[in-house]
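For reference, the structure is listed below as structure tokens.
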Amino acid sequence: MHRDMDAYEPQAIERKWQEVWDQADAYVTPNPDDPAHAEARKAYVLEMLPYPSGELHMGHVLNYTLGDVVSHHRRRTGWSVLRPMGYDAFGLPAENAAIRDGGHPREVTNRNISAIRRQIKRMGWSIDWTREVGTHEPEYYRWTQWLFLKLYDMGLAYRKQAPVKWCPKDQTVLANEQVVEGRCERCGTEVETRNLEQWMFKITDYADRLLDDMALLESWPERVLTMQRNWIGRSEGGEILFRIEEFDEDVPVFTTRPDTLFGATFFVLAPEHPLVERFAELADNGEEIRAYARHAAAKKSEERAANEDKTGVFTGFYATNPVNGAKIPIWVADYVLMDYGTGAIMAVPAHDDRDYAFAEKFGLDITHVIRPADGEVADGVAYVSSSPTDVLVNSGAFDGLSSPDAKSKIVEDLEGRGLGKQTINFRLRDWLLSRQRYWGCPIPIVHCASCGVVPVPESELPVLLPEIEDYVPKGKSPLAAAEDWVATTCPSCGGPASRETDTMDTFVDSSWYFLRYTDPTNDQAPFGRDVVDYWLPVNQYIGGIEHAILHLMYARFFTKALYDAGLVGFKEPFARLFNQGMIYRYGAKMSKSKGNVVSPDELIERFGADALRLYILFMGPADQDKEWQDTGVEGTHRFLQRLWRVVHEDLDREPTGVTTGTPLARKAHETILRVGDDIERRFVFNTPVAAVMELVNEISRTPDDPASRFAVETAVSLIHPYAPHIAEELWERLGRERLWAEPWPVADESQLVKDTVELVVQVNGKVRDKITVATGLPEADLIATARASEKVQAHLGGAEPKKTFVVPDKLVSFVV
RNA sequence: GCCGAAGUGGCGGAAUUGGCAGACGCACCGGACUCAAAAUCCGGCGCCUUCGGGCGUGUGGGUUCGAUUCCCACCUUCGGCACCA
């Protein structure tokens, strides 16, 4: 054993190297002097910024270690790497903590940021700390406000009195996306509906581009694209007008199946539809209709959806089918939703499950108008599926047309008579961004009695959050209590006016932070155009699947809006996206309530950050969910100790300078190839660890191989992105320096060619022998060698093989 | 119900283009060292076996000389969406 060998003490060396990197500005990447003409290969490696809860969890550890390996590898292969960090620092938890424990949300947040920053630094991730941002800092949210006003100028931010989802516990409005199964995403409370004046972003204007520009993305997980596509929910169809004589009015319905128009046997209005009240006034059963509508509105959307049994009430009135003049009964039923399409439908029970169930229950007519090409459908059964070969029946002049032809022909016919048109409907709703809470970015708007809604002038930004005493929400924003702050003068007419008291959804803050990182101290603009165009799009974005829809779609929307505003020169923010899998323990997601959380701090204490970093990636494919093993970190710690020992043992040997031509040298070159290929091309991170472990095992098995120093240096160099502290320390002890800037090893191709290979011989598909043969033998020689084997002969039974297959340098397969 | 992902030893996982299933690690078993233990090192470790071999990657089928890998059907688990006309 090396006489100077001291024990491997992670705590000491990790602290030491974190300081060295810091002093050397090892990971600081200044912007190029002239970004517009910069030539260096740039790589923007970004992980989703953390919400500063005060405690780093395993999801963070995986997320940022993953990004760290990519960053180190890119740097050492000659890229200029941007790798920033920041905090998504506004939001409810800090405000709730302030309400619960006293103090100011800002103090709570800053305390949490300090705590999580300390933990982040302990992990030794290679971050450019000069670019750190917090979305709650006035220097940041000034520009969030500026961008809001930009969108306002573009007509993309508007106010709307709307029924909104309201969480009675958090006392705030929720975006559609924050309602999960009728409950508040955050606290699980059942959601109510309220009418409030709300700020909205017109994301629906970008629905088509959000779909079409997916083609511009370099590499996104297919499931994320699918989720976004479903969320946008584009569907092509027709808007068709049904006449209601009593009101002398044409009521539009949306349908994707205009080909079934002749089969419309009744008409249904959503309970919230404005016409419902007018029917109630005229109808004999007006009270019954009103009661039904009231009852349906009061029901939770969850109940409404879960209720398999259809309910509804007949109005006593009829609508006229524009295609054949048929009078069909008008019903009110809660299976029709006011916020999709037009809030009214034509019901075609013969070809729609829901309409069928309703018709069955209330004894309404069912008329088949579509027949599959190869058969009849029995009466009384809905034929719901559709095929391009389906044919129309009972449809007057359109009989015999195929279903797709009829779709366009019928709409064309109606269009000619002003009774219908082609339309496209989206499930996507506009983004409701108002929040009636304190701890968020103030909306920079003033309300003036004479001028109306007036934007705060750019020169007066930021609109600072006022200091208030009481954060408890009372159905309106806590900001309303800051009367001195609310009272202001109108920027337009100078008269008395009041400030907007809502704050912004925190998703607004995180919809542009990746742009701010490129130019974090700019006090003239949110970012410079040249710099942002130089760094963006993000080359590799890494984060959890939970942001598949909301954050990622909002950020894409923002980028497109800023592109239209001429502020950025790219249409998509994230070229490549990678979603890390979730980590489970005892079969469940780690959470405080389940008591199955593992604290990174404790593990760092016991085994060091390097061992934790190594294990979190070694445990399995980064993109898959996997089970945490309590002994895992101990295992990787053991490996690092082994590496430590192997290096010190080698220090006792005289270096030979041999880097080729020995079995160990070959193993080292193979490992270089494997690790590089896995990280770069395959984007897998668990197998490189296994490869380096194999190399280290090989070194300790063959201590007398002349290439041992080369193998040792290779192992240290390759493990560096995973375990940078120990790698730097060992590198130094090997008499080298600055491993972080050391070029990534390159495999010598000539060393990868082997002299001999193990030839597998199969008879009837079963392996019967393995023979060591020289590399590159011609097929005939391989066959001869294989047939010479006694084991093979025993299975051939003296017979001549009927067929023989040869894979050069690999395998011979006989069939008898 | 619809869409998507995944099912491989006791456990996490590997097998990159259809060619040796189980790399690497954990756990476990045996041995060395030790008064002893820990640590470390060496060896073993899918199941069955008459020791020839047979079986084996969720289940059943198919294609192929050959399938964890490709195709069809099904089962299970997880995730997303869900009365979206």
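Here the structure is a predicted model, which means the values were calculated and not measured.
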Taking everything shown except R606(A) itself, do over 12 heavy atoms lie less than 6.0 Å from its CZ? no

Mind checking the C1' distance from rG46(B) to rA27(B)? Whole angstroms is fine. 15 Å

Atom OH in Y383(A), atom OG1 in T260(A): separation rounded to 0.5 Å? 12.5 Å

Hey, is the side chain of R642(A) poking within less than 4.0 Å of OP1 or OP2 on rC41(B), counting only N and O atoms? yes

Just call it for E634(A): base, sugar-phosphate, or nothing, with non-hydrogen atoms closer than 4.0 Å on any strand. nothing

From the list F607(A), F639(A), W644(A), ring pair (Phe, Tyr, Trp, His ring centres under 6.0 Å) partner of Y8(A) resolves to W644(A)

Mind calculating the distance between CD1 (I424(A)) and P (rA85(B)) to the nearest angstrom? 13 Å

With the side chain defined as heavy atoms from C-beta on, R674(A) is closest, among rA21(B), rG12(B), rU16(B), to rU16(B)

Confirm from the modelled atom types if T631(A) and rC26(B) form a donor-acceptor pair under 3.5 Å, side chain to base only. no

Just name whichever nucleotide pairs with rC35(B), Watson-Crick or G-U, keeping both distances under 3.5 Å, else none. none

If the C1' atom of rC42(B) is compared with that of rC47(B), how far apart are they to the nearest Å? 27 Å

Length of the line joining N764(A):CG and rG54(B):P, which is rounded to integer Å: 11 Å

Using the rule side-chain contact (heavy atoms from CB on, under 4.5 Å), only one of L414(A), I240(A), V323(A) pairs with L419(A); which is it? L414(A)

Nearest of rC81(B), rC20(B), rA85(B) to any side-chain atom of S235(A)? rA85(B)

With syn defined as a glycosidic angle within 90 degrees of 0 and anti as anything else, the base of rG52(B) is syn

Please determine if a side-chain N or O atom of N697(A) lies less than 4.0 Å away from the OP1 or OP2 oxygen of rG25(B). yes

Could you measure between the two P atoms, the one in rG10(B) and the one in rC48(B), and give it in whole Å? 10 Å

Less than 4.0 angstrom between a side-chain N/O of T687(A) and OP1 or OP2 of rU16(B), yes or no? no

Less than 6.0 Å separating the ring centroids of Y584(A) and Y586(A)? no

Separation of K626(A) atom NZ from rA14(B) atom C1', in whole Å? 15 Å

Quantified in whole Å, what is the P atom distance between nucleotide rU17(B) and nucleotide rA6(B)? 15 Å

Under-3.5 Å donor-acceptor pair between K310(A) side chain and rC83(B) base: yes

Measure distances between side-chain N and O atoms of E222(A) and base N and O atoms of rG4(B), and say whether any donor-acceptor pair falls under 3.5 Å. no

Distance between the P atoms of rA15(B) and rG58(B), in whole angstroms? 16 Å

If you check every side-chain atom of Q762(A), which of rG19(B), rC24(B), rC3(B) has the closest atom? rG19(B)

Measure from CG on L261(A) to P on rA85(B) and round the result to the nearest Å. 17 Å

Ignoring backbone atoms, establish whether R701(A) has a side-chain N or O less than 4.0 Å from OP1 or OP2 of rC42(B). no

Any donor-acceptor N or O pair under 3.5 Å, side chains S235(A), Y340(A): yes

Who does rG79(B) pair with, Watson-Crick or G-U, both distances under 3.5 Å? rC3(B)

Is there a donor on the side chain of R645(A) or the base of rU40(B) sitting less than 3.5 Å from an acceptor on the other? no

If we take the C1' atom in both rU63(B) and rC81(B), what is their distance in whole Å? 36 Å

Using a distance-only test with no angle check, is there a side-chain donor-acceptor pair under 3.5 angstrom linking D809(A) and T775(A)? no

For the pair made of CG in L811(A) and P in rG19(B), what is the distance, rounded to whole Å? 10 Å

Choosing from rA82(B), rU16(B), rC65(B), which nucleotide comes nearest the side chain of R427(A)? rA82(B)

Nearest to the side chain of M227(A), which nucleotide is it out of rG80(B), rC24(B), rA85(B)? rG80(B)

Is any side-chain N or O of R682(A) closer than 4.0 Å to OP1 or OP2 of rA15(B)? yes

Who does rU63(B) pair with, Watson-Crick or G-U, both distances under 3.5 Å? none

Any base atoms under 4.0 Å from V336(A), or only sugar-phosphate, or nothing? Heavy atoms, all strands. base

K361(A) NZ: over 12 foreign heavy atoms closer than 6.0 Å: yes

Same-atom distance (P) from rG4(B) to rC72(B), integer angstrom: 12 Å

Separation of rC41(B) atom P from R638(A) atom CZ, nearest Å, is 9 Å

Can a donor-acceptor pair under 3.5 Å be found between the side-chain atoms of K803(A) and the base atoms of rC65(B)? no

Ignoring backbone atoms, establish whether R229(A) has a side-chain N or O less than 4.0 Å from OP1 or OP2 of rC3(B). no

Answer with base, sugar-phosphate or nothing: what part of the nucleic acid does K802(A) contact at a heavy-atom distance below 4.0 Å? nothing

Base orientation of rG9(B), chi within 90° of 0 counted as syn, else anti, reads syn

When rounded to the nearest 0.5 angstrom, what is the spacing between CZ in R787(A) and OG1 in T804(A)? 7.5 Å

Scanning all shown strands, the Watson-Crick or wobble mate of rC74(B) with both distances under 3.5 Å is rG58(B)

Could you work out the separation of rG62(B) and rU68(B) based on their P atoms and round it to a whole Å? 15 Å

From CG of D677(A) over to P of rU16(B), roughly how many Å is that when rounded to an integer? 12 Å

Less than 4.0 angstrom between a side-chain N/O of N686(A) and OP1 or OP2 of rA14(B), yes or no? yes

Looking at the side chain of K810(A), which of rC3(B), rG19(B), rA85(B) is the nearest nucleotide? rG19(B)

Ring-on-base stacking rC83(B) with Y335(A) (under 5.5 Å, under 30°): no

The nucleotide from rC83(B), rU16(B), rG12(B) with an atom nearest the side chain of R681(A) is rU16(B)

Comparing nearest nucleotides in RNA chain B, the 5'-proximal residue of the pair P621(A), E694(A) is P621(A)

For R556(A) and Q228(A), does a side-chain donor sit closer than 3.5 Å to a side-chain acceptor? yes

Comparing nearest nucleotides in RNA chain B, the 5'-proximal residue of the pair E627(A), V815(A) is E627(A)

By nearest atom, which of the nucleotides rC24(B), rC83(B), rA85(B) is closest to the F618(A) side chain? rC24(B)

Indicate, with a heavy-atom threshold strictly under 4.0 Å, whether S813(A) touches base, sugar-phosphate, or nothing. base

Spacing between L337(A) atom CG and rA82(B) atom C1', to the nearest angstrom: 11 Å

